Amino acid sequence: TMQLDILVHEAAQLTLFAQRQSMTNPLTHFWLKLDSGMHRLGFAAAEYAAALAALRALPWCASVTGMTHFASADEPDNTLTAQQLACYDATTANLSLDQHSFANSAALIAWPAARRGWLRPGLILYGVNPVAQALDLLPVMQLEGKVIAVKTLAAGESTGYNQRWQAQRDSLVAFVAAGYADGYPITALNRSIVALHGQRVPVIGRVSMDTLAIDCTGLTAPAIGDWVELWGDTIPVADVAAAAGSIPYQLLTSVSARVPRVLA
């Protein structure tokens with residue numbers, strides 16, 4: 001049988017646990033969350049010791065790991081992270097926790113004091129740096145689509161819905177079989193860049209459900225079937241996110257199920 005740890009962040013969970021004095025599964029490992037300043041999930045500092053005691057009283061409690069989550073670890077100059085650490089340390093100083101866990105990707109990089117116990121890297125596992133600090137990271141996701149059409153548009157003509165882009169000159173435009181149904185952000189309107197033949201090429205007009213258009217004028221001519229990198233080795237996903245008014249986390253987790261996954 002699968003053995004799962006339980007993350008505890010709410011008093012209603014303690015009520016449910018108290019109704020079960022025995023479990024058919026092996027002893028359970030708990031993670032007890034403190035709201036140290038993010039004010040999303042977790043017990044307040046004044047409630048934390050009682051919550052821990054309630055877990056320890058369960059006959060099927062094997063261990064309890066204390067944890068919290070940082071709101072602004074990606075802002076090295078923001079003092080909130082230091083305040084959250086201080087809150088956690090003061091709250092748990094005299095408590096019998098088996099282990100601790102604080103650090104997300106940003107904290108691993110920017111906050112050495114948070115590198116204790118269980119670490120929780122997320123974004124850096126994709127090779128993306130959440131902090132404005134030089135790191136030698138390599139992207140692990142390459143999102144690509146194929147060219148399915150090429151045409152020349154005369155100066156003054158537009159492409160895509162609502163005529164949101166208009167050719168300022170005779171323009172060579174390629175159309176790529178990728179769109180917002182695949183996870184490419186529709187908000188990247190006339191601002192994003194893709195890579196074709198190693199060249200950076202602007203996305204033009206509105207991103208459609210299944211298609212996006214790129215302006216290849218003056219570049220190596222595209223051919224039907226050419227692969228276009230939407231983000232990856234040449235185009236950082238952070239650049240696409242910035243163009244879309246989003247964040248890398250959203251793009252990396254929004255690639256839809258219809259996109260084939262290839263493990264290279």
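Only a predicted model underlies this, so the values are computations on that prediction, with no experimental measurement involved.
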**Study point:** Electrostatic pair R40-D35, nearest N-O below 4.0 angstrom
**Key:** no
Check your understanding: Do the side chain of S101 and the main chain of M67 share a donor and acceptor less than 3.5 angstrom apart?
Key -> no
Check your understanding: What is the minimum heavy-atom distance between L7 and K33, and which atoms define it?
Key -> CD2-CB, 4.1 Å
Practice item. Identify the two heavy atoms, one from L123 and one from P130, that lie closest to each other, and give their separation to 0.1 Å. Key: CD2-CB, 3.8 Å
Review point. Considering only heavy atoms from C-beta outward, does the side chain of I204 approach that of N190 to under 4.5 Å?
Key: yes
Study note, to complete from the structure: Interatomic distance, OG1@T65 vs NE2@H29, rounded to 0.5 Å, equals 8.5 Å
Review point. Where is the tightest heavy-atom contact between L108 and P121, given as atom of each residue plus distance?
Key: CD1-CB, 3.8 Å
Review point. Relative to the ring of F102, is the ring of Y88 parallel (under 30°), tilted (30 to 60°) or perpendicular (over 60°)?
Key: perpendicular
Point to revise | Minimum heavy-atom distance between W165 and G205, given as atom pair plus value | key: CB-N, 3.4 Å
**Study point:** Check: R116 and L85 side chains under 4.5 Å, non-hydrogen atoms
**Key:** yes
Revision key, fill the gap. Note: I235 and L230 closest approach over all heavy atoms is CG2-O, 3.8 Å
Practice item. May I ask you to decide if the ring planes of W231 and Y184 are parallel, tilted or perpendicular, using 30° and 60° as cut-offs? Key: parallel
Revision key, fill the gap. The single option from T159, D210, V228 that satisfies side chain to side chain contact (heavy atoms under 4.5 Å, CB included) with F175 is T159
Review point. Below 4.5 Å, heavy atoms only, C-beta onward: do L14 and F43 meet side chain to side chain?
Key: yes
Check your understanding: Would Q84 and S36 satisfy side chain to side chain donor-acceptor pair (under 3.5 Å), going step by step from the backbone distance to the final call?
Key -> CA-CA 5 Å; Q84 288 191 255; S36 62; 2.8 Å; yes
Study note, to complete from the structure: CG (L32) and CG (L97) are apart, to the nearest 0.5 Å, by 7.0 Å
Practice item. For Q166, look at atom CD and say whether over 12 heavy atoms of other residues, nucleotides or ligands are found less than 6.0 Å away. Key: yes
Point to revise | A86 backbone acceptor or donor facing D89 side chain under 3.5 Å | key: no
Review point. Does a side-chain heavy-atom distance below 4.5 Å link L212 with I214?
Key: yes
Point to revise | Partner set under salt bridge (charged side-chain N to carboxylate O under 4.0 Å, His left out) for D98, not counting sequence neighbours | key: R56
Check your understanding: Do V240 and P185 touch side chain to side chain, with heavy atoms closer than 4.5 Å?
Key -> yes
Check your understanding: Checking R261 side chain against V259 main chain: does a donor-acceptor pair fall under 3.5 Å?
Key -> yes
Point to revise | Stepwise side chain to side chain donor-acceptor pair (under 3.5 Å) check, D5 with W31 | key: CA-CA 7 Å; D5 294 4; W31 296 59; 2.9 Å; yes
Practice item. Could you check if a side-chain atom of H69 sits within less than 4.5 angstrom of a side-chain atom of L41, using non-hydrogen atoms only? Key: no
Review point. Is the F17 ring parallel, tilted or perpendicular to the F30 ring (thresholds 30°, 60°)?
Key: tilted
Check your understanding: Side chain of S105, backbone of G122: donor and acceptor closer than 3.5 Å?
Key -> yes
Check your understanding: Above 12 or not: heavy atoms from other molecules or residues under 6.0 Å from CG of N162?
Key -> yes
